[in-house]
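A quick write-up on the structure given underneath.
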Amino acid sequence: MTPPASLLLLVAAVSAVRLVELAVSRRNARWASARGGTEYGRRHYAPMVVLHVCLLLGILAEAALAGRAFTPRLGWPCLAVLTLAQAGRAWCMRALGPQWNTRVLVVPTAPLVTTGPYRWMRHPNYLIVAVEGIALPLVHTAWITALLFTLANTVWLVIRIRTENRVLWPTPNGTVTAARL
């Protein structure tokens, strides 16, 4: 069975947005590099990319193999949440400006951003990714993909957030204290 055309269109649109984000990330990486930026957590970047590709492919596969359909009662609210998540990510990107990246790049002279959603929480973009990882598959009731992505993403987020906390808010001896988490 083939995934519905509406799902193919949705996954294509999300993929196009991700490609734009990667282009912005590359541009911002050049900006960071020109200012002495250092990358941290390189080892967990490739698994993150694979995880996000598997999310998109998993949605298509589950819809096709298990005959998952668009159920208006679930699909429309999930599509609305997905749209809000995209707006949230744009807000994060705007707040961080050239410091936004898909990699952990730290520019020593750049100030820590505390505006936009970063005024209220340290890692709003990861909350958005988590919400998106549930809402996107559920648009077409791909609940197995939503569950598997959420479990794998949780493991990855623990690693990623620890890395970012360690390099953005280090203690004098280089570790992150419980008070800083």
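Computed from heavy atoms alone, side chains included, the values below leave out hydrogens, waters and symmetry copies. Starting from 1, each residue takes its place in the sequence as its number.
Here the side chains of Val155 and Leu151 are not in contact, with every heavy-atom distance at 4.5 Å or above. With contacts defined as side-chain heavy-atom distances shorter than 4.5 Å, the pair Ile161/Arg122 does not qualify. Residues Leu56 and Leu136 are in side-chain contact: their nearest non-hydrogen atoms beyond the backbone lie under 4.5 Å apart.
A donor-acceptor pair under 3.5 Å is formed between the side chain of Asn28 and the backbone N or O of Trp100. Between the side chain of Ser25 and the backbone N or O of Glu21, no donor-acceptor pair lies under 3.5 Å.
The shortest heavy-atom contact between Ala95 and Tyr118 is CB-CD1, 4.0 Å. Residues Ile134 and Ala146 approach most closely at O-CB, 4.0 Å, considering heavy atoms. Across all their heavy atoms, Ala152 and Leu51 have their closest contact at CB-CD1, 3.5 Å. Shortest non-hydrogen contact noted between Pro137 and Glu132 is CD-O, 3.9 Å. In terms of heavy-atom proximity, Glu62 sits nearest to Thr141 at OE2-O, 4.0 Å. Residue Leu112 comes nearest to Trp169 through the heavy atom pair CD2-NE1, 2.9 Å, listed as atom of the first residue, atom of the second, then distance.
To the nearest 0.5 Å, the span separating CG on Leu22 from CZ on Arg27 amounts to 12.5 Å. To the nearest 0.5 Å, the span separating CG on Leu79 from NE2 on His140 amounts to 8.5 Å. Distance CG/Leu65 to CG/Leu60: 10.5 Å, rounded to 0.5 Å. For the atom pair Cys92 SG and Met121 CE, the distance stands at 8.5 Å (nearest 0.5 Å). Annotation: the span from Thr115 atom OG1 to Trp120 atom CH2 amounts to 9.5 Å, rounded to 0.5 Å. Remark: Leu74 CG to Arg68 CZ distance equals 11.5 Å, nearest 0.5 Å.
Asn153 meets the side-chain hydrogen bond (donor to acceptor under 3.5 Å, both in side chains) test with no other residue; sequence neighbours excluded.
There is a path of hydrophobic side-chain contacts, each under 4.5 Å, that joins Leu8 to Val139. Hydrophobic cluster membership is shared by Leu10 and Val129, with clusters built from Ile, Leu, Val, Met, Phe, Trp and Tyr side chains linked at under 4.5 angstrom. If you chain together hydrophobic residues whose side chains sit under 4.5 Å apart, Leu105 and Leu157 never meet in one group. By the criterion of side-chain heavy atoms lying less than 4.5 angstrom apart, applied directly or through intervening Ile, Leu, Val, Met, Phe, Trp or Tyr residues, Leu96 is not grouped with Val17; the two fall into different hydrophobic clusters. Residues Val81 and Leu127 share a single hydrophobic cluster, defined by chaining ILVMFWY side chains whose heavy atoms lie under 4.5 Å apart.
Residue Trp143 places its CH2 atom among 12 or fewer non-hydrogen atoms of other residues, nucleotides or ligands, all under 6.0 Å distant. Enclosure of atom CZ in Arg43 is not indicated, since only 12 or fewer non-hydrogen atoms of other residues, nucleotides or ligands lie within 6.0 angstrom.
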What pairs of donor and acceptor atoms, side-chain ones from residues 29-42 against any protein atom, are under 3.5 angstrom apart with sequence neighbours left out?
residue	atom	partner	partner atom	Å
Arg35	NH1	Trp31	O	3.0
Glu39	OE1	Arg42	NE	3.2
Glu39	OE2	Arg103	NH1	2.9

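Using bins of under 30°, 30° to 60° and over 60° for the plane-to-plane angle, the ring pair Phe70/Trp76 lands in the perpendicular bin.
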